[in-house]
Chemist: 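One structure follows; several queries about it will come next.
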Amino acid sequence: MKYLYIFLFLILMPFQVSAQRTVEDFNYGWKFHLGKADPQNLDTSNWRTIDVPHDFQIEQPWVAPSADEKASNSDGAANFKSRLSARAFKEMGEGWYVKTFTPGTNLENKRTILDFEGIMYVGDVYLNGVRVGGTDYGYVGFEIDLTGKLKYGQPNTIAVRASTGNPKDSRWYTGGGLFRDVHLITTHPQMYFARHPLFVTTKDNRDVNVQIEVANYTRNNEVNLQLDIRDAKGTTIYSKRQAVPFNRRSRTNELKWETIRIDNAHLWSVEDPHLYTASVTLYDSNNEKVIDRTSTRFGVRTFEIGPEFGLKLNGKKVLLKGIANHHTLGALGAAAYPRAIEKRLELLKEFGFNHIRSSHNPYSESFLQLCDSLGFIVVDELYDKWLQQYTGGRTPWMQQWPYQLPEWVKRDRNHACIAMWSLGNELQTYANLPFNDWGATPYRMLKTVLQRYDDTRKITVAMHPRGRNHQTDSLPCDLAMITDVQAYNYRYMYFPGDRQKFPWMTFYQSEANLSMMGPNFFSMDLDKVIGLAYWGMIDYLGESMGWPRKGWTDGVFDVSLQPKPTAYLLRSMFKPDEPVCHIGIIDSKADITEWNGIIFSNDGMSDHWNRRPGQKLSLKVFTNADRVELVVNGKKVAEQNNTTDPKGRNQLRFNNIEYQPGYIEAMAYKNGKRVTSHRIETTGATRKLLLTADARTWHADGQDLQHVRITAVDRNGRRVPSEQGKLSFEVEGDARIVAVDNGNMLSDELHVASERSLYNGSAWVILRAGKTSGKVMLKVTDGKGKTTKLNLTTK
């Protein structure tokens, strides 16, 4: 988290000292109403006050199918499933956000901008009852110029309508509302930096090129600029001020700075994500007064992609070991809290991930900032399908992308973490795409525009697993023949044949499934492929296979970020040099689900030793060691060698293991030496609740989060998996509860509440800090009335 705060300090500090530009955080103190409203006749007296980020849909009740719908095999039941199961059984709707503010008369001669990072899913913005802007695709940001429209020295009302759209306008849970940051920005009226004004590229791991976009409505034929570059410690390594010619025929110029050479540059990498900061200052015509300032972070690094090696970073082969997930954050819904994103990235890093595919839309700016800081490689994706239905639903896609694509690329292009652009997902099977050629012409159009703003990265589209050539399955689809990278969802088995036919192709498994985890990794030629991104490795709301399941449950982490046993199979694959050994007891046979020829079937597993005496168990030991011995209460009951067969590698199955109270231990050996082990024990009754907070500083900034895990433990401090009692929560101090969870996707309990049941002996509560530093106390009361307290501090 410290990296994010350093970044925000570097960005905001120049604005605060500038004589011209101000950036006001507009996230706090909105009035909210669920339902319809009239922007010309607003009465917010009974509306509640909320702070952004906010997802109004996560607060709504679950909408269960009726008895008739569940019993029926009619089209109505099928329509209900498609209508609400994908959207997490939450009703669609709209919410209104209203904020009143008084701009000072000193702003009359300023340019005033209202900046939204996104409104989910489509949105409209009104100033004093008049529509002044909006968005048809809430994942992409936009700004509204309010100059000359405000009443200075008087109250002004901003009203925002956010709509989730119709049920079929998305294939997953989108959330709804002001789910990302809002800012009010003022600048000099005639000279200022344009939106996303800097474009920093590096070459040969030493040369830095900076392009600066400046708006100039004066009569000056040049602008005075100063460029400073600092390293991660804040040391200035380059500084120069100069007058740059300006072509007044175009009021906005993209000005290129001279190439800057950084000898012995500290390179950005996954292991050492070093970042530089480029700051640019705009001066007046006398070269004395500061007119505007802007800055961006960047990394000195080189990505190479090619068929013989896949991907190289700074000349070294790097295999992408990744995850493809939706943008939502579990119990928090779509609200983009930086700390919640950071917590997920830290967990993924711990288990060996080095890559994120932003399926299937741009994530928040804070996500990319954190990937820069923590060393993740990102495939940045813009769309799902190139159709109106999946891009907001109210405006044809062909009218949207010419505006959304430049905004996306210009916002994201300086991020060191981004290795590749993806323009869409699983779209080449749709005959109703524009121009009726299975996406080939739209791809060429989008690629041309994208390269206008960034020609330094490869461009791809993730291919539908069933979408081969429309005449024969023996050939790739037409779209795969023209993309820079051949990105196939699930179909890694096509790589060898397609490589033989088309040696110029470079392959990336843009989605891989848990059911084949192992084969879909070890069966690839890891020396030549770019890598893979496992689909849905963190359980998420939406895309449910049916009530009462509220979402996707095929991940290796549950929705509350608890690792499942299968997470250790993945860890054993992704971290081959770290000894890994973990027991997973098979509790239930897999539910088999087929989607477009892809089988999703995963055994229900747990890792506790509380069973019925004499019960015969099947289990797996996930390990990257050579051999495993299985011991029950000190007696060896089985042993097994690891295998090189991709189907069984690192996942050793043992059958008919008799349960006896006490313990079971798996001991892993490599080269005859014991390297690690995993032991699980029979627990006693619950003795107390253990409350564990994030081991980090909690900032009193109005947005920072504290995740508190509640665990039912026995007298020896061991988690009691059978404990399912209900808990209630209370907070004292300047903080509030924003979400609760326990990882159980079948639960009907809401995530925005002050109570939650334990599930497998665990639950958690997420607290949002206020703006006043000091003591915060969390009280957790169990079903017997016993209260456990946790003292926290915000700083």
Side-chain angles (χ1 to χ4, degrees), residues 34-37 39 54-58 60 63 75 78-97 116-126 131 133-142 160-180 326-328 333-334 336 358-363 381-405 407-408 423-435 439 442 446 461-462 464 540-544 551:
L34 179 66
K36 296 185 181 298
H54 179 250
D55 175 3
F56 69 76
Q57 197 176 28
I58 194 68
Q60 306 314 310
V63 181
D75 289 341
N79 287 337
F80 181 88
K81 181 176 181 180
S82 65
R83 181 172 68 88
L84 287 181
S85 62
R87 307 289 291 268
F89 293 103
K90 297 285 188 177
E91 195 62 79
M92 302 301 102
E94 66 180 60
W96 283 79
Y97 299 80
F116 292 89
E117 195 184 336
I119 301 174
M120 187 52 58
Y121 184 20
V122 297
D124 302 287
V125 181
Y126 298 83
R131 188 182 188 277
T135 180
D136 291 319
Y137 183 61
Y139 296 107
V140 175
F142 64 99
V160 178
R161 172 187 175 269
S163 170
T164 61
N166 295 314
K168 291 186 179 181
D169 287 342
S170 176
R171 300 185 301 117
W172 57 82
Y173 174 80
T174 62
L178 290 179
F179 75 129
R180 294 179 184 168
H326 292 305
H327 67 290
T328 50
S358 68
S359 3
H360 304 291
N361 44 261
Y363 287 6
E381 194 159 87
L382 179 56
Y383 294 118
D384 185 20
K385 324 297 181 195
W386 295 334
L387 297 168
Q388 175 176 331
Q389 179 181 351
Y390 299 116
T391 52
R394 72 176 182 180
T395 303
W397 173 77
M398 283 289 289
Q399 295 178 19
Q400 296 187 46
W401 75 260
Y403 303 95
Q404 293 160 0
L405 191 150
E407 165 69 16
W408 167 60
L423 292 169
N425 172 69
E426 293 187 350
L427 48 83
Q428 83 280 6
T429 62
Y430 288 80
N432 60 334
L433 290 177
F435 306 105
L446 269 67
V461 170
H464 193 290
Y540 58 86
L541 295 172
E543 292 193 288
S544 165

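When reading the values below, keep in mind they use all heavy atoms of this one structure, side chains included, and skip hydrogens, waters and symmetry mates.
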Chemist: Stepwise, does the side chain to side chain contact (heavy atoms under 4.5 Å, CB included) test hold for V140 with T135?
Modeler: CA-CA 8 Å; V140 175; T135 180; 5.9 Å; no
Chemist: Under 3.5 Å, is there a donor-acceptor pair between the side chain of Y121 and the main chain of D169?
Modeler: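 Side chain of Y121 to backbone of D169, a donor-acceptor pair under 3.5 Å: yes, one is there.
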Chemist: To the nearest 0.5 angstrom, please state how far the CG atom of L405 sits from the CG atom of L446.
Modeler: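 Spacing of CG (L405) from CG (L446) equals 5.0 Å.
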Chemist: Less than 3.5 Å apart, any donor N or O on the side chain of H326 or E543 sitting next to an acceptor on the other?
Modeler: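 Their side chains do contain a donor-acceptor pair, which is all the 3.5 Å distance test asks for.
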Chemist: Return yes if some donor-acceptor pair links the side-chain N/O of T328 with the main-chain N/O of G333 below 3.5 Å, else return no.
Modeler: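 It does not hold such a pair.
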Chemist: Within a strict 4.5 Å, meaning less than it, do heavy atoms of the N425 and R171 side chains meet?
Modeler: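 Contact flag for N425/R171 side chains = yes.
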Chemist: Closest approach of R180 and Y139, non-hydrogen atoms and distance?
Modeler: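 Looking at all heavy atoms of both residues, the closest pair is NH1-O, 2.9 Å.
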Chemist: Is there side-chain contact between W408 and Y137, with heavy atoms separated by less than 4.5 Å?
Modeler: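 A side-chain contact under 4.5 Å is absent here.
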Chemist: Under a 4.5 Å cut-off applied to non-hydrogen side-chain atoms, are F435 and M398 in contact?
Modeler: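 Sidechains of M398 and F435: in contact.
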Chemist: Which atoms form the tightest heavy-atom contact between L427 and L433, and what is the distance?
Modeler: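 For L427 versus L433, the nearest heavy atoms are O-CD1, 3.0 Å.
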Chemist: Please give me the minimum heavy-atom distance between Y390 and K385, naming the atom from each residue.
Modeler: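 The pair with the smallest heavy-atom distance is CD1-CG, 3.1 Å.
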Chemist: Has the side chain of W96 got a donor or acceptor atom that lies under 3.5 Å from a matching backbone atom of P39?
Modeler: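 Answer holds: no.
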Chemist: Any side-chain heavy atom of S170 sitting closer than 4.5 Å to one from R87?
Modeler: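 Side chain of S170 against side chain of R87, heavy atoms only: contact under 4.5 Å found.
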Chemist: Mind running side chain to side chain contact (heavy atoms under 4.5 Å, CB included) on T391 and Q404 for me, showing each step along the way?
Modeler: CA-CA 11 Å; T391 52; Q404 293 160 0; 5.6 Å; no
Chemist: With a 3.5 Å distance limit and no angle check, can you tell me whether N361 reaches the backbone of Y383 through a side-chain donor-acceptor pair?
Modeler: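 Absent.
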Chemist: Does the pair T164 and M120 meet the rule for a side chain to side chain contact (heavy atoms under 4.5 Å, CB included), with working shown?
Modeler: CA-CA 7 Å; T164 61; M120 187 52 58; over 6 Å; no
Chemist: Apply the test side chain to side chain donor-acceptor pair (under 3.5 Å) to residues H464 and Q428: give CA-CA distance (whole Å), side-chain angles for both, the deciding distance (0.1 Å), then the verdict.
Modeler: CA-CA 7 Å; H464 193 290; Q428 83 280 6; 5.3 Å; no
Chemist: Pair W386, Q400 - check side chain to side chain contact (heavy atoms under 4.5 Å, CB included), show working.
Modeler: CA-CA 10 Å; W386 295 334; Q400 296 187 46; over 6 Å; no
Chemist: Can you name the side-chain hydrogen bond (donor to acceptor under 3.5 Å, both in side chains) partners of Y363, sequence neighbours left out?
Modeler: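 Once residues adjacent in sequence are excluded, Y363 has no partner under the side-chain hydrogen bond (donor to acceptor under 3.5 Å, both in side chains) criterion.
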Chemist: So which atom in A88 and which in G542 form the shortest heavy-atom distance, rounded to 0.1 Å?
Modeler: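 Heavy-atom minimum between the residues: CB-N, 3.5 Å.
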Chemist: Give a yes or no on whether the backbone of I58 and the side-chain of Y173 come within a donor-acceptor separation of less than 3.5 Å.
Modeler: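 A pair under 3.5 Å: yes.
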Chemist: Could you check if a side-chain atom of Q60 sits within less than 4.5 angstrom of a side-chain atom of E91, using non-hydrogen atoms only?
Modeler: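 Heavy-atom side-chain distance check fails, nothing below 4.5 Å.
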Chemist: Apply side chain to side chain donor-acceptor pair (under 3.5 Å) to Y97 and H54, showing your working.
Modeler: CA-CA 10 Å; Y97 299 80; H54 179 250; 2.7 Å; yes
Chemist: Search all heavy atoms of H360 against all heavy atoms of E381 and return the closest pair with its distance.
Modeler: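 Scanning both residues completely, I find the closest heavy atoms to be ND1-OE1, 2.8 Å.
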Chemist: Looking only at non-hydrogen atoms, find the nearest pair between W397 and Q388 and report the distance.
Modeler: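 Distance-wise, the nearest heavy atoms are CB-N, 4.0 Å.
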Chemist: Given 3.5 Å as the limit, does a donor-acceptor pair link the side chain of D55 with the main chain of Q57, or not?
Modeler: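 Present.
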Chemist: Is it true that F142 and Y403 have ring centroids separated by less than 6.0 Å?
Modeler: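 So the answer is no for these two rings.
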Chemist: Which value, rounded to the nearest 0.5 Å, describes the distance between T174 atom OG1 and L541 atom CG?
Modeler: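 Here the interatomic distance stands at 11.0 Å.
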Chemist: Hey, are D124 and R394 close enough for a salt bridge, meaning a charged N less than 4.0 Å from a carboxylate O?
Modeler: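 Counted as a salt bridge, because a side-chain N and a carboxylate O are separated by less than 4.0 Å.
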